[in-house]
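Accompanying notes for the structure given below.
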Amino acid sequence: MPCRARRQRWPRAWEICEALVGDLLHRKGRYTVSFDVNLRAALWPPGEAAEPLRVLARRAGTVFVGADEAATLWGTDDPDGVRKLLPGPSELVVKDGAGPAVAFADGQRYAVAAPAVEVVEPVGAGDAFAAGYLAARRFGRPPLHALRWGHLLAAAVLRVHSDHAAPPDRRELERPADDGGWNRC
């Protein structure tokens, strides 16, 4: 009798990621879990990704999403519209490339313009932004400062040929918002 191999369906990469992130968000407990939507349309078609990503984002404590990603997935690039779609996270950050980033946190809406930067390579800037924002919040800085830290770390990455760069000097990060020069890079 010939052996017939049963054809097994291998999961797509996004199915594995969805399951992993879902499990992490389920276990969050006393930890704040951040989630970056980080849509990659070539790996997960937006029509299939929209609802699962929204479900995952609703379960996180802090969510990062690009305005362009939100428009592709959910039909709005307006930060207030995104907030209506994602009311659950305690902090929601809507990034807009060279435009202002908007954070919804502590019951407030905060917006900070991006500094003018001569872009060498954009890869890694979104991750650097998230790292700056999260670090500032971890150090007890308010959302307005966290947005500035995010922009400054992203700007550092944008100016190099790599996906990472030396972070700005701590004095640069701590420069008061009202000195008129924090966003010059």
Margin query: Restricting to side-chain hydrogen bond (donor to acceptor under 3.5 Å, both in side chains), what partner residues turn up for Asp80, sequence neighbours left out?
Written below: Arg109
Next item on the list: Using salt bridge (charged side-chain N to carboxylate O under 4.0 Å, His left out) as the criterion, list what pairs up with Asp96, not counting sequence neighbours.
Entry: none
Notebook entry, point to check: Is there a side-chain contact between Val82 and Thr76, using heavy atoms and a 4.5 Å cut-off?
Noted result: yes
Next item on the list: Any ring pair (Phe, Tyr, Trp, His ring centres under 6.0 Å) involving residues 51-100? Give me the pairs, sequence neighbours left out, ordered by first then second residue.
Entry: Phe64-Tyr133
Check: Can you list the residues that meet the side-chain hydrogen bond (donor to acceptor under 3.5 Å, both in side chains) rule with Asn38, with sequence neighbours excluded?
Finding: Arg40
Note to self: Taking side chain to side chain contact (heavy atoms under 4.5 Å, CB included) as the definition, give me every residue that meets it alongside Ser90, ordered by chain and number, with sequence neighbours left out.
What the structure shows: none
Note to self: Checking the side chain of Arg54 only, and the main-chain atoms of Ala57 only, is there a donor and an acceptor separated by less than 3.5 Å?
What the structure shows: no
Residues 135-144, side-chain donor-acceptor partners within the protein, below 3.5 Å, at least two apart:
residue: Arg137; atom: NE; partner: Glu91; partner atom: OE1; Å: 3.2
residue: Arg137; atom: NE; partner: Glu91; partner atom: OE2; Å: 3.1
residue: Arg137; atom: NH1; partner: Arg141; partner atom: O; Å: 2.8
residue: Arg137; atom: NH2; partner: Glu91; partner atom: OE2; Å: 2.8
residue: Arg141; atom: NE; partner: Glu174; partner atom: OE1; Å: 3.3
residue: Arg141; atom: NE; partner: Glu174; partner atom: OE2; Å: 3.4
residue: Arg141; atom: NH1; partner: Phe139; partner atom: O; Å: 2.6
residue: Arg141; atom: NH2; partner: Glu174; partner atom: OE2; Å: 2.6

Notebook entry, point to check: For the residue pair Val63 and Pro89, what are the closest heavy atoms and their distance?
Noted result: CG2-CG, 3.5 Å
Item checked: Which residues share a side-chain hydrogen bond (donor to acceptor under 3.5 Å, both in side chains) with Glu121, sequence neighbours left out -> none
Next item on the list: First locate atom CZ of Phe35, then atom CG of Leu53, and finally report the distance between them rounded to the nearest 0.5 Å.
Entry: 5.0 Å
Notebook entry, point to check: How far apart are the C-alpha atoms of Arg148 and His145, what are their side-chain angles, what is the distance that settles it, and do they pass the side chain to side chain donor-acceptor pair (under 3.5 Å) test?
Noted result: CA-CA 5 Å; Arg148 285 201 310 267; His145 290 203; 3.1 Å; yes
Notebook entry, point to check: Is there side-chain contact between Phe129 and Leu147, with heavy atoms separated by less than 4.5 Å?
Noted result: yes
Check: At their closest point, which heavy atom of Leu73 faces which heavy atom of Ala50, and how far apart are they?
Finding: O-CB, 3.3 Å
Check: How far apart are the closest heavy atoms of His151 and Gly99, and which atoms are they?
Finding: CE1-O, 4.0 Å
Notebook entry, point to check: Run the side chain to side chain contact (heavy atoms under 4.5 Å, CB included) check on Leu92 and Val65 step by step: do they pass?
Noted result: CA-CA 8 Å; Leu92 170 66; Val65 63; 4.2 Å; yes
Next item on the list: Could you walk me through whether Lys95 and Asp36 pass salt bridge (Lys or Arg N to Asp or Glu O under 4.0 Å), step by step?
Entry: CA-CA 11 Å; Lys95 306 170 290 175; Asp36 191 336; 3.8 Å; yes
Note to self: With side chain to side chain donor-acceptor pair (under 3.5 Å) as the rule and sequence neighbours excluded, what pairs involving residues 60-73 come up?
What the structure shows: none
Checklist line | ring pair (Phe, Tyr, Trp, His ring centres under 6.0 Å) contacts in which one or both residues fall within residues 83-120, not counting sequence neighbours | finding: none
Check: Who are the side chain to side chain contact (heavy atoms under 4.5 Å, CB included) partners of Val120, not counting sequence neighbours?
Finding: His161
Next item on the list: Looking only at non-hydrogen atoms, find the nearest pair between Val157 and Ala125 and report the distance.
Entry: CG1-N, 3.7 Å
Check: Can you find a pair of side-chain heavy atoms, one from Pro100 and one from Val112, that are under 4.5 Å apart?
Finding: no
Checklist line | Taking every non-hydrogen atom, the tightest pair across Trp149 and Gly132 | finding: CB-O, 3.5 Å
Check: Closest heavy-atom contact between Val93 and Ala103?
Finding: CG2-CB, 4.1 Å
